[in-house]
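For reference, the structure is listed below as structure tokens.
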Amino acid sequence: MNADASNSLTPRDLEQLRTAHLLFDAELQGGTLAAEALSAPEVRRATAVSRVPSRPLRLAQQVRYRLGGLRFDSAVLEPLLAARRTALGARSAAPPRFLIRVDEFPHYMAEDEPERFGVARFERFHEIMSASGVPYLLAVLPRVSHEPLAPTATGSRALEAEELEMLTRLRGEGVTLALHGLDHRTRFASPRRHSELCGLTDAQLESLLDEALGELAPHEIRPQVFVAPYNRFDPGQFRALARRFTIVCGGPESIGLMGFQGAPQWRGESVYLPSYAPFYGHCNEILPAVERMIEQACGLWIPLVLHWGWEADDGFSDLESLLARVGPHAADWGELANAIERSRAAGSRSHR
């Protein structure tokens, strides 16, 4: 790209360029791909960042997703795989890079059902993860609510000593800690609208984030990743989240608010990382999709989302089966953070 072209990059062009750098980070770092290859039309199309659709279109996408008509494999992964084949040819085959996200600790129901969702149950989950050697990111609640699914209920508590000790242990053992809102209390009673963030003004959102980060800071927890409670936040809130966090995560519920988006993708100055089925769910649902990605040697960043509470109810047997396959291909979240910084720098150089 010549100087005149790079100086004329629009914000959307910059998002696309950084997203392309993130897609091919390993090859760019290894010297097997020249940066000029990112200008190929197939690569540009596959890494273009879509605007947030209109509300009717977002809701239509949400319905299609629920009915199985909108699939992450075909809508997101296949175009990215095609872009890799275009740019790399016979060298496009590479191991997948699975990014494992776990929701959440303390569990949002820990106050109301401590026997089922307390520290002892989570400790068993972490021991299995640790024994497998699989790195993961954990969404952390700074406070725990009573009746979090009831908008009119009141009261939340600070983290207890046992919970803080577990977080200190996790941090020392290399688990990446993300912020998971403040206390997971929904502002809406309908399960289709559960959210701690939707409807907040900018000032209210900033205040909530200040309080949440302030609760964790004395314990040397300073998250660079945000996981929205219930996977829901308003599209207009993304900018405020992006000012504070390098990565903003989403999930199936995000489709009705942000639209069905690719992952990972640059949006402004942060990376948006939604996860959808078949890589979001119970371990026995995720495993077949993981097998396909390994067999295809897809070479892509793929976010997997697990809920330790779901796996605890199944005795963790399916978790161990999944980890046995994911293990050799699991990426540390620090690897993604480093790739994000490289793609940021590359985009900035091109934008001068």
Side-chain angles (χ1 to χ4, degrees), residues 16 19-20 22-27 42-50 53 57-88 92-103 134 136-137 231 247 249-267 271-307 310 318-319 321-331 336 339:
Q16 179 275 320
T19 299
L22 197 52
L23 171 64
F24 291 101
D25 177 74
E27 291 77 19
E42 294 86 351
V43 173
R44 290 178 60 83
R45 281 195 297 271
T47 55
V49 178
S50 302
L57 183 53
R58 298 195 308 263
L59 295 180
Q61 288 178 337
Q62 188 87 72
V63 171
R64 284 181 60 204
Y65 174 83
R66 287 178 182 147
L67 296 176
L70 191 57
R71 299 280 296 177
F72 189 63
D73 319 46
S74 56
V76 175
L77 297 185
E78 286 182 9
L80 294 179
L81 284 169
R84 285 182 59 82
R85 288 192 292 269
T86 296
L88 295 164
S92 65
R97 289 172 287 179
F98 295 116
L99 296 158
I100 299 179
R101 166 187 140 199
V102 175
D103 295 351
V134 173
Y136 70 100
L137 174 140
N231 290 312
I247 302 169
C249 295
E253 297 83 359
S254 308
I255 297 171
L257 296 158
M258 291 291 289
F260 189 86
Q261 303 288 350
Q265 61 172 228
W266 275 91
R267 302 191 75 89
V271 168
Y272 182 44
L273 192 68
S275 178
Y276 312 117
F279 302 102
Y280 185 112
H282 291 80
C283 288
N284 62 351
E285 299 167 330
I286 294 173
L287 181 57
V290 163
E291 296 276 12
R292 288 196 300 275
M293 293 300 99
I294 295 171
E295 290 168 6
Q296 290 183 32
C298 67
L300 300 173
W301 300 103
I302 301 180
L304 308 183
V305 176
L306 311 179
H307 294 75
W310 300 355
D318 293 328
L319 172 67
S321 298
L322 177 65
L323 295 178
R325 288 300 284 141
V326 167
H329 311 292
L336 177 63

- Query: Can you find a pair of side-chain heavy atoms, one from N231 and one from V305, that are under 4.5 Å apart?
  - Reply: no
- Query: Below 4.5 Å, heavy atoms only, C-beta onward: do V63 and L59 meet side chain to side chain?
  - Reply: no
- Any chance you could measure L81, atom CG, to L77, atom CG, to the nearest 0.5 Å? 6.5 Å
- Task: Run the numbers on Y280 and F72 for ring pair (Phe, Tyr, Trp, His ring centres under 6.0 Å), then give the verdict.
- Result: CA-CA 10 Å; Y280 185 112; F72 189 63; over 10 Å; no
- Where do R84 and E27 come nearest, in terms of heavy atoms and distance? NH2-OE2, 2.9 Å
- N284 and L322: side chain to side chain contact (heavy atoms under 4.5 Å, CB included), yes or no, with the steps? CA-CA 7 Å; N284 62 351; L322 177 65; over 6 Å; no
- Task: Measure from the side-chain N and O atoms of R97 to the backbone N and O of A330, and report whether any donor-acceptor pair falls under 3.5 Å.
- Result: no
- Query: Under 4.5 Å between any side-chain heavy atoms of L287 and R325, yes or no?
  - Reply: yes
- Item | Check: P303 main-chain N/O paired with S275 side-chain donor or acceptor under 3.5 Å | yes
- Apply the test side chain to side chain contact (heavy atoms under 4.5 Å, CB included) to residues W301 and L23: give CA-CA distance (whole Å), side-chain angles for both, the deciding distance (0.1 Å), then the verdict. CA-CA 7 Å; W301 300 103; L23 171 64; 5.9 Å; no
- Item | Student check: side-chain heavy atoms of M293 and F98 closer than 4.5 Å | yes
- Side-chain heavy-atom pair I286, V326 within 4.5 angstrom cut-off: no
- Item | Backbone N/O of L70 and side chain of R64: donor-acceptor pair under 3.5 Å | no
- Look up atom CG in D103 and atom CG in L306, then write down how far apart they are to the nearest 0.5 Å. 9.0 Å
- Item | Beyond-backbone contact of L304 with R101, side-chain heavy atoms, under 4.5 angstrom | no
- Message: Quick test of your reading of the model: are E42 and R85 salt-bridged, counting only N-O distances below 4.0 Å?
- Response: no
- Item | Any P96 side-chain heavy atom under 4.5 Å of L300 side chain | no
- Between Q265 and V49, what is the shortest heavy-atom contact and its length? OE1-CG1, 3.6 Å
- Task: Looking only at non-hydrogen atoms, find the nearest pair between I255 and Y65 and report the distance.
- Result: CD1-CG, 3.5 Å
- Note on the structure: Note: A75 and F260 closest approach over all heavy atoms is CB-CE2, 3.6 Å
- Query: Can you check side chain to side chain contact (heavy atoms under 4.5 Å, CB included) on I100 and L137, steps first, answer last?
  - Reply: CA-CA 6 Å; I100 299 179; L137 174 140; over 6 Å; no
- Message: Keeping Y276 on the side-chain end and Q261 on the backbone end, is there a donor-acceptor pair under 3.5 Å?
- Response: yes
- Task: Say whether Q16 and T47, considering side chains only, have a donor N or O and an acceptor N or O under 3.5 Å apart.
- Result: yes
- Query: If you look at every heavy atom in L273 and A263, which pair is closest and at what distance?
  - Reply: CD1-CB, 4.2 Å
- Tell me, do P278 and D73 make a side-chain contact under 4.5 Å, heavy atoms counted? yes
- Query: What heavy-atom pair brings V76 and P79 nearest, and what distance separates the two atoms?
  - Reply: O-CD, 3.2 Å
- Query: What distance separates C283 SG from L323 CG, expressed to the nearest 0.5 Å?
  - Reply: 6.5 Å
- Check whether any side-chain N or O of R267 sits under 3.5 Å from a backbone N or O of S50 as a donor-acceptor pair, and report yes or no. yes
- Query: Is a side-chain donor or acceptor of Q62 paired with a backbone partner of P252 at a separation under 3.5 angstrom?
  - Reply: yes
